[in-house]
Amino acid sequence: MDKFLKMTGFATSIISWYNINKRDLPWRQNASPYHVWISEIILQQTQVKQGLDYYNRFISLFPDVVSLANASQQDVLLAWQGLGYYSRARNLHAAAHQIVERYNGVMPDTYAELINLSGIGPYTAAAIASIAFGEPHAVVDGNVFRLLARCFSVELPIDTGEGKRFFTNLANELLDSTNPGDFNQAMMELGALVCTPANPDCAICPLRTMCNSYRLGNPFSFPVKSRKTTKRDRYFYYFVHESDKQLAITRREKGDIWQGLWELLLIESDKRLSENQIVRQLSESLNMAPLAVSHVVEMRHLLTHQNIFASLHKVKMPEKFNLVTFKDKIVVYTGRENLTDYPLPKLIEKLLAQYFDLPPKVL
Ligand code: SF4
């Protein structure tokens, strides 16, 4: 396989294409290990178009490892607000601390050291090691899986251990070890711009003459997956309680989505609740019956593995009523104008935007 592929010029073809067609992106202008690291973490689960503004803002707030380590977790989460998958931000922060403690604030320059940092797996370690330090490790992300699966008609499912090992070995066989950074970026760029999931543009693809799927006309048969993602339905009932124009919020805890972010008072259920059930559960959590509960808005929020059906209610309580805790979580009261100090999930941002614009309707 190796000799044949070298002969067909796989690496040469994609690197030549990359040199002409690559997008002008800020982390390519400054390919320092820190910039490559931040860009790779942001671009996991996020499109370049959406990630670009976040990247620029993140770098201006935290221009290097030391400034990131010195920031509070709350500030790092605020910079991440809206990007989702918040464990990425928490891990970046934790890894910055590790780099300061173990390497005096200087990013380590080998794959073996990088992979021992929080949130850096084989993919990110290979990207930083190859792009910033020229170490020959192939990057295998969703774009690379798709490109290789189509080009070589690989029927092994990409979501199995065997499949992952096969694709990683194949990518490493193809790798141009004299120019691994450009090779890896070319693979990812070609997958993102040409060999796209829904609309592969084979007519302009530099791999056309060596691509099995193009020859057989079946690119949509690849990549193969062994199982469908099953999604969990969750019903979130949020409540706005204001006291002296201060809004009650709580912080989400470990072991669930949006860890460390802030939200409104929440009652969660795995099935839809009736209006009576909502009021009853709320009364139990408040240890008293509210004076009124008004429905404001409903919203569906889709995550990779979860469907969240959210609804927002306004709660009227007696004057001077203040919560200390709600469902064992500490309650903080904040003015509307100070909400920007708290990192909020996108869903809460959207619910609050509706709340401050829409008149509530009484149940
Ligand atoms: S020829 Fe088509 S299917 Fe094959 S790698 Fe290129 S874009 Fe993908």
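It should be emphasised that the depicted structure is a prediction, and the values quoted were computed from it without experimental measurement.
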Donor-acceptor under 3.5 Å (Asn30 side chain, Pro26 main chain): no
Checking Thr334 against Asp341 for the side chain to side chain contact (heavy atoms under 4.5 Å, CB included) test, could you report, in this order, the C-alpha distance in whole Å, the side-chain angles of both residues, the deciding distance, and whether it holds? CA-CA 10 Å; Thr334 177; Asp341 294 342; over 6 Å; no
Between the main-chain N or O of Met107 and the side-chain N or O of Glu113, is there a donor-acceptor pair closer than 3.5 Å? no
Ala112 and Ile115: which non-hydrogen atoms are nearest, and at how many Å? O-CG2, 3.5 Å
Kindly state each residue pair satisfying side-chain hydrogen bond (donor to acceptor under 3.5 Å, both in side chains) with at least one member in residues 52-67, sequence neighbours excluded. Asp64-Ser67
Output for pair (Arg232 CZ, His305 NE2), nearest 0.5 Å, gives 12.0 Å
Check each of Phe152, Phe145, Phe222 against Phe167 using the ring pair (Phe, Tyr, Trp, His ring centres under 6.0 Å) test, and report the only one that passes. Phe145
Measure across Ser153 and Asn212 and return the closest heavy-atom pair with its distance rounded to 0.1 Å. OG-CB, 3.0 Å
Verify, without hydrogens or angle tests, whether Asn184 (side chain) and Val139 (backbone) share a donor-acceptor contact under 3.5 angstrom. yes
Find out whether Leu156 and Glu162 are in side-chain contact, i.e. whether some heavy atom of one side chain is under 4.5 Å from a heavy atom of the other. yes
Reported CD1-to-CZ distance for the pair Ile348 and Phe236, which is rounded to 0.5 angstrom: 9.0 Å
Are more than 12 heavy atoms, taken from residues, nucleotides or ligands other than Gln29, located less than 6.0 Å from that residue's CD atom? yes
Would you say CG of Asp328 has more than 12 non-hydrogen atoms from neighbouring residues, nucleotides or ligands within 6.0 angstrom? no
Pairs where residues 243-252 contributes a residue and the test salt bridge (Lys or Arg N to Asp or Glu O under 4.0 Å) is met, not counting sequence neighbours: Arg252-Asp256, Arg252-Glu263
Would you indicate whether Glu155, at its atom CD, is surrounded by more than 12 heavy atoms from other residues, nucleotides or ligands within a distance under 6.0 Å? no
Within a reach of under 6.0 Å around NZ of Lys225, are more than 12 heavy atoms found that belong to other residues, nucleotides or ligands? no
Do Ile308 and Leu347 make a side-chain contact, defined as non-hydrogen atoms from C-beta onward lying under 4.5 Å apart? yes
Go through the steps to decide whether Met317 and Ser243 satisfy the test side chain to side chain contact (heavy atoms under 4.5 Å, CB included), and finish with yes or no. CA-CA 9 Å; Met317 298 301 290; Ser243 176; over 6 Å; no
So, Ser269 versus Gln281: side-chain donor-acceptor pair below 3.5 Å or not? no
Please give me the minimum heavy-atom distance between Lys231 and Asn307, naming the atom from each residue. CD-OD1, 3.3 Å
Once the angle between the rings of Tyr34 and Trp37 is folded into 0 to 90°, is it parallel (under 30°), tilted (30 to 60°) or perpendicular (over 60°)? perpendicular
In the structure I gave you, are the side-chain heavy atoms of Leu147 and Leu207 within less than 4.5 Å of one another anywhere? yes
Donor-acceptor pair, side chain of Arg146 and main chain of Cys195, under 3.5 angstrom: yes
Gap between atom CD1 of Ile158 and atom CZ of Phe166 - 0.5 Å precision: 13.0 Å
How about Asp75 and Leu78: do any of their side-chain heavy atoms sit closer than 4.5 Å? yes
Look at Glu253 together with Lys329 and state whether they make a salt bridge at an N to O cut-off of under 4.0 Å. no
Leu174 side, atom CG; Ile14 side, atom CD1 - distance, nearest 0.5 Å: 8.0 Å
Sequence neighbours excluded, the answer for salt bridge (charged side-chain N to carboxylate O under 4.0 Å, His left out) partners of Glu189 is Arg23, Arg28
Arg150 side chain vs Ser213 backbone, donor-acceptor pair below 3.5 Å: no
Single-linkage hydrophobic cluster, 4.5 Å side-chain cutoff, Tyr111 and Tyr103 together: no
With side chains defined as the heavy atoms from C-beta onward, is the minimum distance between Ser311 and Tyr238 less than 4.5 Å? no
N/O donor-acceptor pair under 3.5 Å between Arg88 side chain and Gln44 backbone: yes
For the residue pair Val154 and Pro223, establish whether any side-chain heavy-atom pair is separated by less than 4.5 Å. no
Under 3.5 Å donor-acceptor, Gln306 side chain and Leu303 backbone: no
I'd like to know whether Val140 forms a side chain to side chain contact (heavy atoms under 4.5 Å, CB included) with Lys164, so could you lay out the CA-CA distance, the side-chain angles of the two residues, the decisive distance to 0.1 Å, and finally the verdict. CA-CA 9 Å; Val140 186; Lys164 286 191 174 105; over 6 Å; no
Just by distance, do the side chain of His313 and the backbone of Phe239 share a donor-acceptor pair under 3.5 Å? no
Do Asp182 and Gln185 have side chains that approach each other closer than 4.5 Å (heavy atoms only, starting at C-beta)? yes
State whether the side chain of Asn91 and the backbone N or O of Leu117 hold a donor-acceptor pair below 3.5 Å, judged by distance alone. no
Sub-4.5 Å side-chain heavy-atom contact between Leu264 and Tyr355: no
Rounded to the nearest 0.5 Å, what separation is found between the NZ atom of Lys346 and the CD atom of Gln81? 8.5 Å
Point-to-point distance, once rounded to the nearest 0.5 Å, from CZ of Phe326 to CG of Asn287: 10.0 Å
In this structure, are over 12 heavy atoms from other groups packed under 6.0 Å from Ile330 atom CD1? no
Apply side chain to side chain contact (heavy atoms under 4.5 Å, CB included) to the pair Val65 and Val100, showing each step before the final yes or no. CA-CA 8 Å; Val65 174; Val100 168; 4.3 Å; yes
Given Glu242, which partner from the list Lys316, Arg336, Lys314 fulfils the salt bridge (charged side-chain N to carboxylate O under 4.0 Å, His left out) test? Lys314
Aromatic ring pairing His241/Tyr333, orientation class (parallel under 30°, perpendicular over 60°, tilted between): perpendicular
Considering the options Ile249, Leu312, Leu265, which one meets the side-chain contact (heavy atoms from CB on, under 4.5 Å) requirement together with Val240? Leu312
Would the distance check show the side chain of Ser130 and the main-chain N or O of Ala127 forming a donor-acceptor pair, the cut-off being under 3.5 Å? yes
